[in-house]
Amino acid sequence: MTTASTTPSLSPAELSYIVDGLKGTPPTRSDGRGLLEPRDIGIEYEVAPAANGSARVRIGNTEVVAGVKLEVGEPGPAKVAVDVTPQALPSLQSSALQALSTEYAAHLSEHFIPFVPRLPITKERAFLPSLHLTVVSAEGNIITALTLAARAAFSDLEVPDTKVIAWTGDDDASSAADKSGFGALKDGARGKGKGKARAKGLDDWDLGEGTHRIEGREELPVLLSLNLVQGSENTFLDPTPNEEAACPERILAWFRPNGNVCGIRTEGGLGIEAGRMRGLLEQAQGLATAMAATLNADLP
């Protein structure tokens, strides 16, 4: 559904013109880029002050804003939600936008979120990230922009320092201890009562005075979307909407910066021989590791 629902409807002549250019000698693209030349990628950090981590990513005129909020609960994986706005794809009905948002969230949940480091506080409590991504505008290659925005928001994430606290209270602290969860701990930290309060049924901990970045953020996955040209051995990066319509067959490959594969998907229905698939993945791996090195050199 992803490619078909985000691309314009072109005439057979228009489709043929685009494909002929991509498989020509030399190949040509409407904006003058080489086959493996992406559009400029812009990344801004700390764009949402209310979030614990946030970023804005632009690939050409495709723009995604991402924010991460932290909650406290039982240890578990991060949550992800995607919102493809009507402004981004005005030709789609609300039901199609919702289906597309769900599909993108599923991709990230399967191939990106499992590689986000856990954020334990104690054995029983942890910070639980909730990632929300908004597609503000769309001009091709939305899934790559979403993955870059998710990576950037987690790279920007500031996790509160925590510390183990000892029971030093008396009966005056009981009113704080009767509160549930995090509220009691915050009251204790502000000095309500004569000692630190322990939230019922939870480990003893409290917030520290600072924050820190997540460990291993440099190892978060990147996505390499490699589009195939039908009737040719050529491949290309970062398609425009018209190129996506003309060449819907693509390989989505998530890699860690060391080259390890995190996930692979093929779209478009074009069968790929095993021998060619290996070569395509090796090509994608090299491009992805180079991308990750560039991104890691400019982390906040």
Side-chain angles (χ1 to χ4, degrees), residues 1-11 14-24 27-44 55-66 82-92 96-97 99-101 103-105 107-108 111-112 133-152 222-230 232 234-254 265-270 280 283-284 287-288 291 294-295:
M1 174 185 174
T2 304
T3 302
S5 61
T6 60
T7 55
S9 178
L10 302 180
S11 70
E14 290 172 316
L15 295 173
S16 178
Y17 178 79
I18 294 170
V19 172
D20 287 346
L22 291 169
K23 66 181 183 181
T28 58
R29 304 176 72 172
S30 61
D31 56 10
R33 288 182 289 141
L35 292 181
L36 301 180
E37 181 182 352
R39 292 169 289 180
D40 290 339
I41 298 174
I43 301 179
E44 300 174 56
R56 176 183 288 109
V57 168
R58 293 187 179 93
I59 303 178
N61 289 327
T62 297
E63 179 180 343
V64 175
V65 176
V82 175
D83 179 21
V84 181
T85 64
Q87 297 93 320
L89 295 170
S91 64
L92 296 187
L97 291 171
L100 192 60
S101 299
E103 184 178 348
Y104 284 137
H107 289 345
L108 293 170
H111 302 301
F112 181 85
L133 302 113
T134 302
V135 181
V136 179
S137 59
E139 195 177 77
N141 209 8
I142 297 173
I143 184 61
T144 298
L146 284 166
T147 304
L148 285 174
R151 191 181 199 273
V222 297
L223 169 64
L224 203 289
S225 177
L226 196 62
N227 283 68
L228 312 182
V229 182
Q230 192 168 5
S232 170
N234 288 350
T235 59
F236 64 100
L237 295 178
D238 190 19
T240 64
N242 286 355
E243 290 173 336
E244 287 182 329
C247 300
E249 292 80 17
R250 64 181 180 177
I251 297 173
L252 303 178
W254 285 263
R265 292 180 59 89
T266 59
E267 295 183 348
L270 182 65
L280 291 171
Q283 180 187 24
L287 294 167
M291 179 195 298
T294 299
L295 295 173

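Remember, it's a predicted structure, so these values are computed and weren't measured experimentally.
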Do [X] and [Y] have side chains that approach each other closer than 4.5 Å (heavy atoms only, starting at C-beta)?
X    : Y    : answer
N227 : L22  : no
V19  : V229 : yes
L100 : L89  : yes
T235 : L36  : yes
L237 : E37  : no
S30  : N242 : no

Residues two or more places apart in sequence or in another chain: which of them pass side-chain hydrogen bond (donor to acceptor under 3.5 Å, both in side chains) with [X]?
X    : answer
S11  : E14
T144 : N141
S101 : none
S16  : D20

With sequence neighbours excluded, what pairs up with [X] under the side-chain contact (heavy atoms from CB on, under 4.5 Å) test?
X   : answer
A66 : L131, L133, A149, A153
T85 : D83, Q87, A88, T134
I41 : I43, I59, L148
P27 : L35, N234

**Message:** Using every non-hydrogen atom in the two residues, find where G268 and E249 come nearest and quote the distance to one decimal.
**Reply:**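 G268 and E249 have their closest heavy atoms at O-OE2, 3.4 Å.
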**Item:** Shortest non-hydrogen separation from A246 to L15 and the atoms involved
**Value:**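 Of all heavy-atom pairs spanning A246 and L15, the closest is CA-CD2, 3.7 Å.
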Nearest-0.5 Å distance, [atom1] of residue [X] to [atom2] of residue [Y]:
X    : Y    : atom1 : atom2 : value
E244 : I142 : CD    : CD1   : 7.0 Å
L226 : I251 : CG    : CD1   : 6.0 Å
Y17  : L10  : OH    : CG    : 13.0 Å
L224 : M291 : CG    : CE    : 5.5 Å

**Message:** Going by side chain to side chain contact (heavy atoms under 4.5 Å, CB included), R151 matches just one of L295, L223, L146. Which one?
**Reply:**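 Result: among L295, L223, L146, L295 is the only option passing the side chain to side chain contact (heavy atoms under 4.5 Å, CB included) with R151.
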Any residue meeting salt bridge (Lys or Arg N to Asp or Glu O under 4.0 Å) with [X], in chain and number order, not counting sequence neighbours:
X   : answer
D31 : R33
E44 : R56, R58
R39 : E139, D238

**Asked** For the residue pair Y104 and H107, does the interplanar ring angle fall in the parallel (under 30°), tilted (30 to 60°) or perpendicular (over 60°) class?
**Response**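 Rings of Y104 and H107: perpendicular, as their planes differ by over 60°.
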**Prompt:** So, the side chain of T240 versus the backbone of G140: is there a donor-acceptor pair under 3.5 Å, distance only?
**Reply:**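 Checked: no pair found.
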**Request:** Check the pair I143, R250 against side-chain contact (heavy atoms from CB on, under 4.5 Å), reporting the backbone distance first and the verdict last.
**Result:** CA-CA 12 Å; I143 184 61; R250 64 181 180 177; 3.9 Å; yes
**Message:** With side-chain contact (heavy atoms from CB on, under 4.5 Å) as the criterion, how do V222 and T147 come out once you've worked through the C-alpha distance, each side chain's angles and the decisive distance to 0.1 Å?
**Reply:** CA-CA 7 Å; V222 297; T147 304; 5.8 Å; no
